[in-house]
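Shown next, in structure tokens, is the structure this report addresses.
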Amino acid sequence: MDNRSIGVFDSGLGGLTAVREMLRILPDEQIVYFGDTGRVPYGSRSPKIITQYARQDAAFLMSKNVKAIISACGTVSSVAGSILAKELSVPFTGVLEPTARAAAAATINGRIGVIATNATVNSGSFQHALHAISPKLQVFARSCPLFVPIVESGFMLDHPDITKEVAETYLAPLRNEKVDTVILGCTHYPILKSIIGSVMGQDVRLIDSGRETALFCRSLLAENHLLAESNHGSCSFFVSDGMEDFSRIAGIFLQEDIHSSVQLVDIEKYEGAIS
Ligand code: DGL
């Protein structure tokens with residue numbers, strides 16, 4: 001048993017797709033969430049910068065004495081996941097393995113679409129993870145760079161029709177490939193799940209990287225004897241900019257007023273060693 005917090009991070013709002021599920025399946029846990037809203041998006045940046053940001057994000061969470069770290073970010077998981085796993089002194093997971101496993105289990109025709117950021121698609125990370133499970137799987141990857149700013153700005157709330165047009169442009173090629181399963185490989189994308197689902201059609205299974213990672217987190221804690229005793233779970237939020245916008249949109253997504261639990265952090269201070 002361990003009552004320390006779990007640290008979760010993403011470039012912005014996307015990791016809340018994991019947090020929402022964690023609050024449901026791990027109700028006794030305290031969560032410290034960091035959204036790097038001052039430097040989002042990560043997905044259009046170079047591996048060097050993404051790795052530097054990921055180390056700083058992890059160092060900030062380590063300063064909060066967390067017992068485990070979850071990179072609820074497909075981009076960081078793809079580009080710097082193995083580096084963090086090696087460097088951190090606490091258990092760590094990214095989104096890749098849990099999400100790839102769920103997709104491999106869900107597909108019937110063996111044709112899997114992956115939608116994610118440019119950095120994730122360029123890294124080939126989901127292809128590798130899926131082929132490690134079964135080399136027979138056929139993988140069709142596509143980046144959807146406009147989805148992250150659409151979510152971060154809350155654009156989809158006021159303009160669902162334009163958001164759907166953007167989704168149609170990105171997803172039509174995957175529909176033509178007759179995939180029966182699509183990995184939402186950027187954790188921002190499950191926030192657009194109903195729009196993506198309506199474009200792909202109801203027979204296509206959508207695998208939510210945030211949700212799968214939250215489920216995996218439960219087994220990671222259990223295996224390491226780190227589950228919390230029965231207490232009041234809670235979540236505190238830290239962001240690197242734009243507290244008001246984050247609080248508003250995150251509150252709508254989590255269906256809770258979180259204004260009083262959001263604080264600002266100077267993330268550039270967290271340079272250097274992370275463990
Ligand atoms: N939510 C992130 C991901 O899962 C990052 C998106 C971004 O900042 O570009 O890839």
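Whatever order the structure lists them in is the order used to number ligands and atoms, beginning at 1.
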Is R111 paired with D180 through a side-chain N to carboxylate O contact shorter than 4.0 Å? no
For the pair E168 and R175, find out whether any cationic side-chain nitrogen is under 4.0 Å from an anionic carboxylate oxygen. yes
Examine the proximity of ligand 1 to V40 and report which part, side chain or backbone, both or neither, has a heavy atom under 4.0 Å away. side chain
For [X], counting its heavy atoms only, list the atoms of ligand 1 lying under 4.0 Å from any of them.
{"X": "C186", "value": "1 (N), 2 (C), 3 (C), 4 (O), 6 (C), 10 (O)"}
{"X": "G74", "value": "3 (C), 4 (O), 10 (O)"}
{"X": "P41", "value": "7 (C), 8 (O), 9 (O)"}

Tell me, which protein residue and heavy-atom name are nearest [atom], and how many Å apart are they?
{"atom": "atom 5 (C) of ligand 1", "value": "S11 OG, 3.3 Å"}
{"atom": "atom 1 (N) of ligand 1", "value": "H188 ND1, 2.7 Å"}
{"atom": "atom 7 (C) of ligand 1", "value": "Y42 N, 3.3 Å"}
{"atom": "atom 10 (O) of ligand 1", "value": "T75 OG1, 2.6 Å"}
{"atom": "atom 2 (C) of ligand 1", "value": "D10 OD1, 3.2 Å"}
{"atom": "atom 9 (O) of ligand 1", "value": "G43 N, 2.8 Å"}

Cation-pi check, R39 to Y53: give yes when NZ or CZ is under 6.0 Å from the six-membered ring centre and within 45° of the ring axis, no otherwise. yes
Would F238 and F34 count as a close aromatic pair, with their ring centres under 6.0 Å? no
When you measure from the side chain of [X] to the backbone of [Y], do you find a donor-acceptor pair of N or O atoms at a distance under 3.5 Å?
{"X": "S240", "Y": "G38", "value": "yes"}
{"X": "T17", "Y": "G14", "value": "yes"}
{"X": "Y270", "Y": "A58", "value": "no"}

Have a look at E29 and tell me which of R24, R4, K67 forms a salt bridge (Lys or Arg N to Asp or Glu O under 4.0 Å) with it. K67
Taking N or O atoms only and a 3.5 Å limit, does T117 qualify as a polar contact for ligand 1? no
